[in-house]
Amino acid sequence: MYLDFLSKFGVSGAHPGGIKLTEEIFENEKINKFSHILDVGCGTGQTAAYLAARYGAKVTGMDINPIMVGKAKNRMINYQLPVEIIQGSIGMSVTRRSI
């Protein structure tokens, strides 16, 4: 129900601490163009887009909500980022294919 609310009202980011805290956390990580990152529960793709744009990392975003997936795909198109966005559940993905 919470996720439905976020998707229907177009909330672009629901990170505790906001995107600024997310950016600060990633500054301490060794992320670069050779990094492969799976953003589970990517929502509208804000973090996935940031990681791809800032670090050049290969990012895949995954969300179960089709509205969020659509918004994330649109974000990647608008910013011309090579981020793959898929709809699904991490539980289902682990059982069906290797990540």
Side-chain angles (χ1 to χ4, degrees):
M1 191 164 218
Y2 173 71
L3 295 177
D4 290 334
F5 171 82
L6 292 178
S7 64
K8 287 180 183 173
F9 286 97
V11 175
S12 64
H15 301 128
I19 189 66
K20 288 294 180 193
L21 178 59
T22 301
E23 292 170 359
E24 288 177 28
I25 290 169
F26 286 126
E27 282 180 19
N28 297 320
E29 300 301 321
K30 296 177 182 172
I31 301 171
N32 58 48
K33 65 181 181 179
F34 302 109
S35 300
H36 293 257
I37 300 170
L38 175 60
D39 182 4
V40 177
C42 70
T44 64
Q46 185 177 39
T47 300
Y50 171 75
L51 291 168
R54 169 72 173 83
Y55 299 102
K58 180 172 174 35
V59 183
T60 300
M62 174 187 281
D63 204 281
I64 198 166
N65 186 298
I67 296 171
M68 293 295 206
V69 168
K71 290 178 184 225
K73 286 182 177 183
N74 285 337
R75 181 187 298 267
M76 301 316 155
I77 290 167
N78 290 339
Y79 290 102
Q80 299 178 353
L81 294 169
V83 176
E84 180 183 11
I85 302 295
I86 55 177
Q87 182 180 349
S89 164
I90 189 64
M92 296 301 291
S93 294
V94 170
T95 59
R96 290 187 186 161
R97 62 182 173 171
S98 173
I99 293 180

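Counting begins at 1 with the first residue of the sequence.
- Residues Leu51 and Asp39 have side chains not in contact (no heavy-atom distance under 4.5 Å, counting atoms from C-beta outward).
- Considering every non-hydrogen atom in both Cys42 and Ile85, the closest pair reads SG-CD1, 4.4 Å.
- In plain terms, the two heavy atoms of Ile64 and Ser89 that are nearest each other are CD1-CB, 4.1 Å.
- Ile67 and Val83 are not part of a single hydrophobic cluster, where members link through side-chain heavy atoms under 4.5 Å apart.
- Every salt bridge (charged side-chain N to carboxylate O under 4.0 Å, His left out) that Lys20 has, sequence neighbours left out, goes to Glu23.
- Nearest heavy-atom pair across Gln46 and Arg75 is N-NE, 3.6 Å.
- The distance from atom OH of Tyr55 to atom CZ of Phe26, rounded to the nearest 0.5 Å, is 8.0 Å.
- Here the side chains of Ile90 and Leu38 are in contact, with some heavy-atom distance below 4.5 Å.
- Rounded to the nearest 0.5 Å, atoms CD (Glu84) and NZ (Lys58) are 6.5 Å apart.
- Rounding to the nearest 0.5 angstrom, the gap separating the OG1 atom in Thr22 from the OH atom in Tyr50 is 9.0 Å.
- Considering all non-hydrogen atoms of both residues, Ala57 and Ile31 come closest at CB-CG2, 4.0 Å.
- For Ile25, the side-chain contact (heavy atoms from CB on, under 4.5 Å) partners at least two apart in sequence or on another chain are Leu21.
- Considering every non-hydrogen atom in both Gly88 and Met62, the closest pair reads O-CG, 3.5 Å.
- Here the shortest heavy-atom pairing between Gly41 and Asp63 reads C-OD2, 3.4 Å.
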